[in-house]
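Proteins get letters first, then strands, A, B, ... in listed order; numbering begins at 1 in each. In this text the structure is predicted, and so the values were computed from the model without any measurement.
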Protein chains: 2
Amino acid sequence: MNGKATTTRTKLERGRSALGPALELVHTGRAPTRAVLTSELGVTRATAGAVAAELEALGLIRVDSSPGSAAGSQGRPSHRLAVSGTGPVALAAQVHADGFRAALVGLGGRIVATAPGCVAVMADPAQVLGEVVAAGAQLLRDTGLRCVGAGLAVPSAVAEPEGTALNPLHIAWPAGAPVREIFAECVRETGITGPAFTGNDVNLAALAEHRHGAGRGAQHLLCVATGHRGVGGALVLDGRLHSGSSGLALEVGHLTVNADGRPCHCGGRGCLDVETDPLAFLTTARREPGPEESLLKQAGDLLRTEYDDAAVRNAAEELIDRLGLGLAGLVNILNPDRIVLGGLHRDLLDADPERLRAVVADRSLWGRSGSVPILPCTLAHNSLVGAAELAWQPVLDDPLAALT
Amino acid sequence: MNGKATTTRTKLERGRSALGPALELVHTGRAPTRAVLTSELGVTRATAGAVAAELEALGLIRVDSSPGSAAGSQGRPSHRLAVSGTGPVALAAQVHADGFRAALVGLGGRIVATAPGCVAVMADPAQVLGEVVAAGAQLLRDTGLRCVGAGLAVPSAVAEPEGTALNPLHIAWPAGAPVREIFAECVRETGITGPAFTGNDVNLAALAEHRHGAGRGAQHLLCVATGHRGVGGALVLDGRLHSGSSGLALEVGHLTVNADGRPCHCGGRGCLDVETDPLAFLTTARREPGPEESLLKQAGDLLRTEYDDAAVRNAAEELIDRLGLGLAGLVNILNPDRIVLGGLHRDLLDADPERLRAVVADRSLWGRSGSVPILPCTLAHNSLVGAAELAWQPVLDDPLAALT
DNA sequence: TGAGTTTGTGCCGCAACTAAACAAACTGCG
DNA sequence: CGCAGTTTGTTTAGTTGCGGCACAAACTCA
């Protein structure tokens with residue numbers, strides 16, 4: 001009728017301007033100075049200066065105009081760049097078998113505040129998520145910080161594009177629960193500003209490790225981690241999470257790593273899931289497994305404190321061999337340039353790094369692929385930080401548009 | 001000294017301007033008209049018009065200004081866009097067990113000319129590649145077309161960034177031969193214009209199928225194909241080939257698909273490689289395998305012509321089950337939204353599509369992942385077309401810069 | 001024939017950048 | 001101390017790719 005919507009196009013489809021890339025560089029710590037920013041961005045000093053000034057005006061970064069101290073090389077010292085300490089934050093939430101956790105996370109993966117305790121997980125997703133969001137909202141009120149959005153990490157595959165949690169094995173939720181929708185609704189209701197996102201915890205941990213942890217600088221990062229039960233995987237390609245066409249990629253738990261191993265609920269035998277998780281370790285080491293929600297801790301403690309015990313050591317070596325076989329299979333298919341391990345797998349790596357590396361090298365096809373660096377994860381709450389990354393992403397893509 | 005190289009930056013790091021994306025849309029047949037180009041590109045009609053005019057001026061596309069015939073809907077009919085029939089071409093080359101092949105390939109994957117016969121492959125890579133390039137150069141002289149570059153497909157993994165052919169099982173080349181360098185040298189020596197590229201044949205076939213064949217429109221395309229011996233895989237993510245951090249991704253041949261299967265040279269048992277390739281089919285069907293360089297044809301003919309024979313049928317079903325198991329494993333890890341099969345796998349799919357789909361659905365974790373469409377490849381010479389895609393890529397990325 | 005709809009084009013202007021010249025801040029050497 | 005040499009920050013003046021119109025063109029439908 002009015003013929004107005006004819007030529008109006010958003011044009012924001014591809015991130016224009018160097019603002020986003022510049023913020024990402026500072027965010028991931030790859031641009032400590034304006035000079036580095038200039039070269040990393042491939043723009044002139046004039047542009048880099050303008051971009052840095054604009055990001056500072058938005059309250060996202062700090063530019064230390066003070067005469068730099070540690071110079072080192074010749075020439076005029078460059079002004080240092082850092083994420084703002086008082087800028088906006090993302091609300092990060094995580095649900096797991098032990099309970100839940102809420103935190104405020106600033107740029108650079110800096111955890112600003114964490115919600116105190118954790119209570120037991122209840123059956124109803126809406127109730128749990130309501131409590132997490134309420135805890136986060138309280139943190140926001142306490143600190144008075146601006147919120148750019150919210151992210152949630154759940155211990156289950158999240159189907160795209162619906163955002164339903166498939167097979168949440170380790171928490172008592174119904175399969176197919178629309179967690180993304182529920183979470184978004186809770187966030188809206190609570191009056192928290194910004195969009196809400198939901199993702200799988202291992203995926204988000206991988207994202208966080210890639211940006212702020214052991215995966216920094218990797219081009220093709222593979223992460224594998226255990227929770228209390230089962231094994232999860234994630235892949236970060238060129239800085240972006242690869243979660244497949246419907247969010248179900250990297251379901252690595254059912255790779256066969258033992259031809260005549262334990263039966264698995266998937267119908268197969270000897271799956272990575274049932275051969276290398278904490279429960280597998282405890283039973284292989286002939287220990288009585290405790291309650292489900294503490295298997296990871298129990299297994300990790302056992303591995304660290306009783307590695308002298310022959311049964312423990314043998315169990316560890318058996319699991320390392322199985323894990324190595326699984327990793328080698330993944331290396332053959334994905335050819336990553338770095339592998340980061342979490343959960344019990346991280347502890348197994350720490351226990352005998354050489355053995356694991358040798359198995360992977362031996363069982364992967366090409367010698368060079370076998371020499372992939374395998375590292376333990378380094379971030380304390382990587383899933384939580386990863387959840388915050390989801391909320392930060394729109395800001396990283398286009399700071400001006402995201403902060404209106 | 002002169003202080004000239006200080007602020008000079010290429011700036012071409014990210015493709016600017018809509019020229020490249022526009023050409024890619026026409027190239028892949030996704031922009032049949034200027035109106036579609038406008039919406040797909042997300043720009044105004046003014047911009048789309050200017051872009052189309054510029055691409056036409058470069059001789060890359062044709063704009064039919066004639067009053068369009070088949071309109072269909074209301075309004076002024078849009079001018080039709082098509083790749084130019086007389087524009088430049090890419091030189092495509094392929095080496096395989098049977099010999100080699102050279103062709104000229106225009107935009108849109110259109111094969112303009114093919115070198116006549118094929119001679120037997122000799123031991124020395126330099127000699128073979130010299131002959132292929134010479135054949136291609138002859139085609140260029142005959143047609144008088146401009147050449148944007150050259151691409152080569154080899155039946156072996158190509159290590160990045162060196163460009164060496166690892167384990168060229170099926171041709172009598174030394175392992176680690178620097179094929180990329182040799183090919184580039186031949187191209188340079190012959191006076192062919194433009195850069196030279198080399199890639200794995202299955203990877204390139206996948207790229208071609210994604211742009212012009214059965215994989216069109218897929219976001220996450222998985223291709224699996226057999227040659228005469230062994231199995232290759234490839235993945236195209238968001239239109240770009242994913243070949244891993246060192247070119248060795250998708251080595252799918254050693255997925256275990258039969259716990260107590262045939263021994264494989266990798267040290268394992270029951271690998272996809274030895275359980276589902278043409279030789280495996282012939283022996284399972286109790287047929288005498290012919291010479292190595294005709295196994296694929298022999299197996300395919302047998303499957304098509306003697307499917308009534310119980311031994312043939314049983315062998316086919318056994319291979320389909322094994323292949324399905326392998327594909328299911330890949331689906332769990334990669335979660336593609338389409339699978340395209342080539343070589344004998346394509347014939348197996350044609351023989352009993354329902355059986356293969358059922359096995360994949362049954363053995364992959366999530367029902368929805370199991371319902372991935374599985375299609376036969378549709379391009380006649382997909383590796384060859386894919387090799388040309390390599391050479392076209394710089395033009396697609398930035399037509400102005402690539403054509404000077 | 002005229003209203004409605006969709007597409008092509010010319011013109012203006014903006015936003016994001018480059019290029020070039022200059023100023024500033026540091027090191028090192030005589 | 002002073003001065004060359006080096007690197008970084010800033011200012012100013014273009015350049016360019018593209019959006020936003022306004023209008024013309026080509027077709028359908030009533």
Among [options], which is the nearest nucleotide to the side chain of [X]?
{"X": "A:Ser78", "options": "C:dC17, D:dG19, D:dG9", "answer": "D:dG9"}
{"X": "A:Arg45", "options": "D:dT8, D:dC27, C:dT18", "answer": "D:dT8"}
{"X": "A:Ser17", "options": "C:dA16, C:dA25, D:dG17", "answer": "C:dA16"}

Starting at atom [atom1] of [X], determine the distance to atom [atom2] of [N], rounded to an integer number of angstrom.
{"X": "A:Leu400", "N": "C:dC14", "atom1": "CG", "atom2": "P", "answer": "18 Å"}
{"X": "B:His79", "N": "C:dT9", "atom1": "NE2", "atom2": "P", "answer": "6 Å"}
{"X": "A:Arg80", "N": "D:dT7", "atom1": "CZ", "atom2": "P", "answer": "18 Å"}
{"X": "B:Arg34", "N": "D:dA26", "atom1": "CZ", "atom2": "P", "answer": "13 Å"}
{"X": "A:Gln74", "N": "C:dT27", "atom1": "CD", "atom2": "C1'", "answer": "6 Å"}
{"X": "B:Asp64", "N": "C:dG8", "atom1": "CG", "atom2": "C1'", "answer": "15 Å"}
{"X": "A:Leu37", "N": "D:dT7", "atom1": "CG", "atom2": "P", "answer": "19 Å"}
{"X": "B:Arg76", "N": "D:dC23", "atom1": "CZ", "atom2": "C1'", "answer": "12 Å"}

According to the interplanar angle, ranging from 0 to 90°, do the rings of A:His27 and A:His212 count as parallel (below 30°), tilted (30 to 60°) or perpendicular (above 60°)? perpendicular
Output all residues satisfying side chain to side chain contact (heavy atoms under 4.5 Å, CB included) with [X], sequence neighbours left out; order by chain, then residue number.
{"X": "B:Ala46", "value": "B:Thr44"}
{"X": "B:Ala205", "value": "B:Asn382, B:Ser383"}
{"X": "B:Ala31", "value": "B:Leu25, B:Val26, B:Leu37"}

For D:dG19 and B:Thr44 - does any side-chain N or O of the residue sit under 4.0 Å from the phosphate oxygens OP1/OP2? yes
Could you walk me through whether B:Arg211 and B:Glu389 pass the salt bridge (Lys or Arg N to Asp or Glu O under 4.0 Å) test, one step at a time? CA-CA 9 Å; B:Arg211 297 200 177 160; B:Glu389 291 298 325; 2.6 Å; yes
Taking only nitrogen or oxygen atoms into account, show me every contact under 3.5 Å that the protein makes with nucleotides 1-3 of chain D, one pair per line with its distance.
none

Under the side chain to side chain donor-acceptor pair (under 3.5 Å) test, which residues partner [X], sequence neighbours left out?
{"X": "B:Glu54", "answer": "none"}
{"X": "B:Glu181", "answer": "none"}
{"X": "B:Arg110", "answer": "none"}
{"X": "B:Ser246", "answer": "A:Asn335"}

Taking the nucleotide of DNA chain C with the nearest heavy atom to each, does B:Ala46 or A:Ala46 sit closer to the 5' end? B:Ala46
What residues in residues 48-61 of chain B put a non-hydrogen atom under 4.0 Å from any atom of DNA chain D? none
Heavy atoms under 4.0 Å, any strand shown: does B:Ala35 hit a base, just sugar-phosphate, or nothing? sugar-phosphate
